[in-house]
Amino acid sequence: MASNSTKSFLADAGYGEQELDANSALMELDKGLRSGKLGEQCEAVVRFPRLFQKYPFPILINSAFLKLADVFRVGNNFLRLCVLKVTQQSEKHLEKILNVDEFVKRIFSVIHSNDPVARAITLRMLGSLASIIPERKNAHHSIRQSLDSHDNVEVEAAVFAAANFSAQSKDFAVGICNKISEMIQGLATPVDLKLKLTPILQHMHHDAILASSARQLLQQLVTSYPSTRMVIVSLHTFTLLAASSLVDTPKQIQLLLQYLKNDPRRAVKRLAIQDLKLLANKTPHTWSRENIQALCECALQTPYDSLKLGMLSVLATLSGTIAVKHYFSLAPGNAGSSPRSSDLVKLAHECCYHNHRGIAAHGVRVLTNITVSCQEKDLLALEQSAVFGLEALLVLCGQDDSAGAQATLKIALNCMVKLAKGRPHLSQPVVEALLTQLHSAQDTARLLMCHCLAAIAMQLPVLGDGMLGDLVGLYKVTGRSATDKQQELLVSLATVIFVASQKALSAEVKAVIKQQLESVSNGWTVYRIARQASRMGNHDMARELYQSLLTQVASEHFYFWLNSLKEFSQAEQCLTGLQEEDCSSALSCIAESLKFYHKGIASLTAASTPLNPLSFQCEFVKLRIDLLQAFSQLICTCNSLKTSPPPAIATTVAMTLGNDLQRCGRISNQMKHSMEEFRSLASRYGDLYQASFDADSATLRNVELQQQSCLLISHAIEALILDPESASFQEYGSTGAAHADSEYERRMMSVYNHVLEEVESLNRKYTPVSYMATCLCNAIIALLKVPLSFQRYFFQKLQSTSIKLALSPSPRNPAEPIAVQNNQQLALKVEGVVQHGSKPGLFRKIQSVCLNVSSTLQSKSGQDYKVIRKEADSTNEQRVKPHNDYFSTQFLLTFAVLGTHSIVVESSVKDANGIVWKTGPRTTIFVKSLEDPYSQQIRLQQQQAQQPFQQQQQRNAYTRF
């Protein structure tokens, strides 16, 4: 019976329904709270976090927390504990509580209970609410009073609350510091309580005086209580306080090194190493050369592998920062130290071939970082040591399938990529070592090695041809079994093959890949390989793989998605037949490509669903279609010079009239139209870029390259034909200077530079128009010959960010306008919630939200016919910073003109780099501006007073006739 009733109020709670059911969901949970059965009450309480997640706006959260406060006030201790857990889980929603005073009043009433457990739960509740009530004096007093309680549970709760309030409130931290000091130094305080009180001192960082007094107290504790537990707790609190205050970090590093060197207890040494690692990550610039030297000496002297591993981990972290440059820098009056003769290098050499693979990995990591960061010419011995150490680690970890070996292998492979990037001349032996180990390593290690090879080949494409033979030979013997690792290895090897064969795949390589895939029953593996082929520009291979998958999917949406990918690959494959200086075949190739693209966009539209609208994919493909049509139109315009060239006297007329456009004849207007079209396409690509906040950097760079292609052609048209005199090449001259991260970008940059050089050389000469038209056609063909890359965001969305807006006042019916008098202002409150996917902030994070509110007059009343429509329009903008993914602001809007106004609220976001992204959403409400009663009464009186006079004028007019 109980289970049935529980099911009823939870099943009817509206989960999964529309957002308009938020109130009904809250009412159903409230029904559970009012139930007479404890089980139903508890289950209703624990459902509240899910409700907050689904409806994260203040009006509902405020009501829900007030109901929970009532349960806390009148319920038993178990219900109070459930409410406490819900409050701690919903910490990010606490600031949305509107009636904070009422909420705290209901909670605080339990502090006067005779039950110490109830008081303890209340103290923990107050500590969890410290972020919204940091300066509540009654809460401060209760915490101080409870610290003197004789009940251990209540004292522990008071310690928890004191720590939370100390982190939030400077006044409380100043007031409680002496109290904690007395309790810690008091003889009556048990040791266990002292250990719990000491970590509170880490929050005494609000000002320098408070931090100094806390540091003195901790210094006394370390000296007065030399027991292992007390020293560990005090030292760690010491470190956290120094990391927060930033003033005493160098002193703390010296103290930790002192304990690491002199204290014989291994537990204390381990704690010192952990804290040194924390400071190395947070403040590497505060490490002096003496600190690093002391750490190296300790590592060289210790006989324990576990301690040596920890110290090397700290040194490996420091070696990748500015600290290693300080270590090897030449100080005034000091001869400095050569990288070859220092203790750091000596330690790294000693550890490179250590029998403990973790120590060996960190030793190699230190050597790699020194080799890359120290730009000296005589580092040959260091470079060789780094390469030999990496090869040894590769052999050692490649044969081991354990998790520890794979973690060590990842460190070694990251070092290989870093070494190949920083020292390109070392990449050849690194690649050879990887290819050698690929044949004998375990499958898990092979996967990681393939990723490393792909990363190196992307940076240094020269190495691709050398590794292709070995990769294809290994691919033939892979995938014999249908295990997950074998399938992953097939995908990874195919990816490296696509990267290594920078141009089109040879027929032999295609046959090998298809033969292996025919024996693999896993369609997901085939799809992933086809996706990689599309990313690398191997569209012929991708088309065949997509074709083979069409009959293996159960959903028609998946069928249309695969069919669209097949059509796009076929369309791009048509462009591979372009020949230089052959404009007629270029037109036919583009027409054939457009035919497949139109088929593909129809399938792509059919594949979209309300939950997955495929907006980026559709817009990207539409822009590609429009770009190909613009290319086709421009080639036709250039070809028309052959069929109807300008008259023979066109050049003379142009020189006589001083209008250089006259020498082009009738195509000048067509060229002007083409230039505007390409600029419009570049603007649309820019809009797509700004709307792709969740895209990875490679996808954004791809969109940027398409935009640059449009700008390049429009610039070439302007420089060659429309306005040769004012065309500037300086802003386009540095396009090749940037480092290219992919072969597609590298080839596009090469085309850009070549086209710019051609245009600039023709611009300096007084060349015939036909030569210029040929140059434009060649530029288009060169751009289209580079196979288009469909990047990751086209297939996969790793980061998901959306904004949900709520406006108040808002009408019940969206089409119904809000009535406002024209002599009053409307206070429009805009609230918003930032919603994330499974990987928030993977590529970029929201720094602030820009809200733009624009008001437009839709229709006006008859008596205001003289008002110009534009005068009634207005635009307001505000920038707010979200806190715990929530933001709120208000706009004051005036509607002086009578009539119906449309208010559009549009949001965009600004990331940490200051870039604005047009993420949306866009919300519209309508406002009807009404005449206020007083003005309406005066107007009516004036009309009544004017009526007799108008009638008298009409009579006079009639009498004259």
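What you see below is based on every heavy atom in this structure, not just the backbone, and it leaves out hydrogens, waters and symmetry mates. As the structure is a prediction and not an experimental result, all values here were calculated from the model.
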| field | Any donor-acceptor pair under 3.5 Å from N913 side chain to I915 backbone | value | no
| query | Roughly how far, to the nearest 0.5 Å, is the NZ atom of K910 from the CD atom of Q847? | reply | 8.5 Å
| task | Taking atom CD of Q53 as the centre, report whether more than 12 heavy atoms of other residues, nucleotides or ligands fall under 6.0 Å from it. | result | no
| field | Non-hydrogen side-chain atoms of V499 and L453 separated by less than 4.5 Å | value | no
| With sequence neighbours excluded, residues passing side-chain hydrogen bond (donor to acceptor under 3.5 Å, both in side chains) with K92 | D885
| L390 versus C415: any side-chain heavy-atom pair under 4.5 Å? | yes
| query | In chain order, what residues pass the ring pair (Phe, Tyr, Trp, His ring centres under 6.0 Å) check against Y685, with sequence neighbours excluded? | reply | none
| said: According to side-chain hydrogen bond (donor to acceptor under 3.5 Å, both in side chains), who are the partners of E704, at least two apart in sequence or on a separate chain? | reply: R701
| message | If we ignore hydrogens and angles and just use 3.5 Å, is the side chain of Q707 paired with the main-chain N or O of A682 as donor and acceptor? | response | yes
| query | For F887, what residues pass the ring pair (Phe, Tyr, Trp, His ring centres under 6.0 Å) criterion, not counting sequence neighbours? | reply | none
| Pair T609, N612: side-chain N/O donor-acceptor within cut-off below 3.5 Å | no
| task | Examine distances only and state if a side-chain atom of R844 and a backbone atom of A912 form a donor-acceptor pair shorter than 3.5 Å. | result | no
| task | With rounding to the nearest 0.5 Å, note down the distance linking NZ in K918 to OG in S692. | result | 12.0 Å
| query | Counting only N and O atoms by type, is there a donor-acceptor contact under 3.5 Å from the side chain of N414 to the main-chain atoms of K410? | reply | yes
| request: Quick one: closest heavy-atom pair of V496 and C450, and the distance? | output: CG2-O, 3.2 Å
| Atom pair CZ (F498) and CD1 (I529), whose distance is rounded to the nearest 0.5 Å | 6.5 Å
| query | Can you find a pair of side-chain heavy atoms, one from V553 and one from L549, that are under 4.5 Å apart? | reply | no
| message | I'd like to know if the side chain of D694 and the backbone of K797 have a donor-acceptor N/O pair within less than 3.5 Å. | response | no
| query | For T371, does its backbone N or O pair with a side-chain atom of R423 as donor and acceptor, under 3.5 Å? | reply | yes
| task | Determine the minimum heavy-atom distance between S714 and F678, stating which atoms define it. | result | CB-CB, 3.9 Å
| query | So, S593 side chain and C589 main chain: donor-acceptor pair closer than 3.5 Å or not? | reply | no
| task | Side-chain contact test, heavy atoms from C-beta onward, threshold under 4.5 Å: evaluate it for V366 versus V324 and give yes or no. | result | no
| query | Crowded around H754 NE2? As in, over 12 foreign heavy atoms under 6.0 Å? | reply | no
| Roughly how far, to the nearest 0.5 Å, is CG of L842 from NE2 of H836? | 12.5 Å
| pair N702-F794: side-chain heavy atoms closer than 4.5 Å | no
| Side-chain heavy-atom pair R679, E718 within 4.5 angstrom cut-off | yes
| Heavy-atom closest contact (M458 atom, R746 atom, distance) | O-NH2, 2.7 Å
| field | Residues which pass ring pair (Phe, Tyr, Trp, His ring centres under 6.0 Å) with Y546, listed by chain and number, not counting sequence neighbours | value | none
| field | Side-chain touch K839/Q799, heavy atoms, less than 4.5 angstrom | value | no
| Which residues pass the ring pair (Phe, Tyr, Trp, His ring centres under 6.0 Å) test with F843, sequence neighbours left out? | none
| message | Determine whether Q406 and T444 satisfy the following criterion, side chain to side chain donor-acceptor pair (under 3.5 Å), listing intermediate values before the conclusion. | response | CA-CA 8 Å; Q406 299 311 308; T444 312; 5.2 Å; no
| query | Atom NZ in K510, atom CG in N538: separation rounded to 0.5 Å? | reply | 8.0 Å
| query | Is it true that a side-chain atom of S632 and a backbone atom of L628 form a donor plus acceptor pair closer than 3.5 Å? | reply | no
| What are the two closest non-hydrogen atoms of V314 and A280, and how far apart are they? | CG1-CB, 4.2 Å
| task | Report yes or no: does T576 contribute a side-chain atom to a donor-acceptor pair with the main-chain N or O of Q573 at less than 3.5 Å? | result | yes
| Heavy-atom closest contact (Y752 atom, L712 atom, distance) | CD2-CD2, 3.5 Å
| task | Calculate, to the nearest 0.5 Å, the distance between atoms CD1 and NZ belonging to I456 and K421 respectively. | result | 12.5 Å
| task | Not counting sequence neighbours, list each pair that qualifies as a salt bridge (charged side-chain N to carboxylate O under 4.0 Å, His left out) and has a residue in residues 486-495. | result | E488-R528
| So L604 and L565, side-chain contact (heavy atoms from CB on, under 4.5 Å) or not? Walk me through it. | CA-CA 8 Å; L604 188 63; L565 293 177; over 6 Å; no
| Pair F568 and F596, ring centroids less than 6.0 Å apart | no
| said: When you compare the side chain of I713 with that of S709, does any pair of heavy atoms fall below 4.5 Å? | reply: no
| For the rings on F558 and W561, is their centre-to-centre separation under 6.0 Å? | no
| query | By side-chain contact (heavy atoms from CB on, under 4.5 Å), which residues pair with S907, not counting sequence neighbours? | reply | I803, L805, V849, L851, P921
| request: Tell me yes or no: between the side chains of E757 and N753, is some donor less than 3.5 Å from an acceptor? | output: no
| Qualifying residues under side-chain hydrogen bond (donor to acceptor under 3.5 Å, both in side chains), relative to E676, sequence neighbours excluded | none
| request: Could you go through the side-chain contact (heavy atoms from CB on, under 4.5 Å) check for T801 and T919 one step at a time? | output: CA-CA 9 Å; T801 310; T919 55; over 6 Å; no
| message | Any side-chain to backbone donor/acceptor pair from H362 onto L315? Under 3.5 Å, distance only. | response | no
| Which pairs, with at least one residue in residues 560-576 and sequence neighbours excluded, count as a salt bridge (charged side-chain N to carboxylate O under 4.0 Å, His left out)? | E572-R624
| Does R879 have any side-chain hydrogen bond (donor to acceptor under 3.5 Å, both in side chains) partners at least two apart in sequence or in another chain, and if so, which? | none
| Would you say the side-chain atoms of K277 and S313 include a donor-acceptor pair closer than 3.5 Å? | yes
| task | Could you please spell out the steps behind the side chain to side chain donor-acceptor pair (under 3.5 Å) verdict for K418 and N369? | result | CA-CA 8 Å; K418 192 171 184 178; N369 287 335; 2.7 Å; yes
| said: Any carboxylate oxygen within less than 4.0 angstrom of a Lys/Arg side-chain nitrogen, looking at K622 and E619? | reply: no
| Can you name the nearest heavy-atom pair linking L627 to L681, along with the distance? | CA-CD1, 3.8 Å
| Pairwise salt bridge (charged side-chain N to carboxylate O under 4.0 Å, His left out) hits with a residue in residues 445-456, at least two apart | D443-R446
